Amino acid sequence: MTADQNAAPMFKLYGMTGSGNCEKVRIIADALGLAYEWIEVDVFGGETRRPPFLSDVNPGGQVPAVVFADGRRLTQSNAILLHLDTEGRFVPDDPFRRAEMLSWMFWEQYSHEPTIAVRRARLKFLSMKEDELDPKLKAGGEAALARMNEVLSRQDWLVEGAAPTLADIALHPYTRDAEDGGFALADYPGVQAWLARGASAFGRASSG
Ligand SMILES: N[C@@H](CCC(=O)N[C@@H](CS)C(=O)NCC(=O)O)C(=O)O
């Protein structure tokens, strides 16, 4: 998929439909109008764990992974977001606010994705049952949503300011899809309002 079907793709984006880590890269690329080619990878079929993916795309064996036209490769969703937004449209000018944005993005990878997205993947993609899941995933996910809700009940975006940042993009897909992981978003009205703001600012209707 490309924003401008006539433009040569500036990169190939290897990803899996349904993955929030991959979707956030699509969100920034679409929001910035970047031309790219989406390449669907069969993660559950083990494609990321064998050549040629390992040799040619990401030796770390994961998506998203980006391969630029000049051959350079980049992995880790949040690093890709920062690199694609070269002009900083979603990056605050103020150094402290910029650091706050990164703080949310590191938190997303350490405290939000490993609870909410992992629980969702086990229920939705691996068809596990509720009673087979580690209770810490539910507790950790509820704590993450509560933290976001507390902040988003007093301000529009995760980093205080008039406009969304990369942190809002990074946290959007897996938060929007948290119900697949057994979390009730109605319990977090500040988060729901923020999701609606994000959807109109940069959102994609679904994880597809
Ligand atoms: N920290 C990485 C996480 C990427 C990740 O967990 N990717 C998953 C799909 S969402 C994957 O490729 N899993 C396959 C595997 O680990 O074998 C990022 O943000 O890009």
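Just so you know, ligand 1 is whichever comes first in the structure, and atom 1 is the first atom listed for that ligand. Just the heavy atoms: all of them, side chains too, but no hydrogens, waters or symmetry mates, feed the values below. Predicted model, so just to flag it, every value in this text is computed and none were measured.
Closest to atom 19 (O) of ligand 1 among all protein heavy atoms lies Ser77 OG, 2.6 Å. Atom 2 (C) of ligand 1 has as its closest protein heavy atom Gln76 OE1, 3.2 Å. When hydrogens are left out, the protein atom nearest atom 9 (C) of ligand 1 is Val63 O, 3.8 Å; that is the closest non-hydrogen contact. Closest to atom 13 (N) of ligand 1 among all protein heavy atoms lies Val43 CG1, 3.9 Å. Protein heavy atom nearest atom 6 (O) of ligand 1, with residue, atom name and distance: Gln62 NE2, 3.5 Å. Here the protein heavy atom with the shortest distance to atom 17 (O) of ligand 1 is Arg49 NE, 2.7 Å.
Ring-plane geometry between Phe125 and Phe44 is classed as tilted, the angle between the planes lying from 30 to 60 degrees on a 0 to 90 degree scale. Taking the six-membered ring where the residue is Trp, His172 and Phe202 present perpendicular rings, their angle passing 60° and hence far from 30°.
Considering every non-hydrogen atom in both Asn21 and Pro64, the closest pair reads O-CG, 3.5 Å.
Contacts with ligand 1 closer than 4.0 Å are made by side-chain heavy atoms of Tyr174 only, the backbone lying farther away. When non-hydrogen atoms are compared, ligand 1 lies under 4.0 Å from the side chain of Ser19 (C-beta onward) but not from its backbone.
Under the rule for a side-chain hydrogen bond (donor to acceptor under 3.5 Å, both in side chains), Arg89 has no partner lying at least two apart in sequence or in another chain. Residues meeting the side chain to side chain contact (heavy atoms under 4.5 Å, CB included) test with Asn58, sequence neighbours left out: Phe53, Gln62, Ala65, Thr75.
Taking every heavy atom of Asn21 and a limit of under 4.0 angstrom, the matching atoms of ligand 1 come to 3 (C), 4 (C), 5 (C), 6 (O), 10 (S), 19 (O). Distances below 4.0 Å separate heavy atoms of Gln109 from the following atoms of ligand 1: 1 (N), 2 (C), 18 (C), 19 (O).
A cation-pi arrangement, defined by a distance under 6.0 Å to the six-membered ring centre and an angle within 45 degrees of its axis, is absent between Arg154 and Trp194.
Between the side chains of Tyr14 and Glu47, no donor-acceptor pair is found at a separation under 3.5 Å.
Under a 4.0 angstrom heavy-atom cut-off, Phe53 registers as lying outside contact with ligand 1. Residue Asn78 places every heavy atom at 4.0 Å or more from ligand 1.
Ionic pairing of Glu113 and Arg119 is not present here: no N-O contact between side-chain nitrogen and carboxylate oxygen is shorter than 4.0 angstrom.
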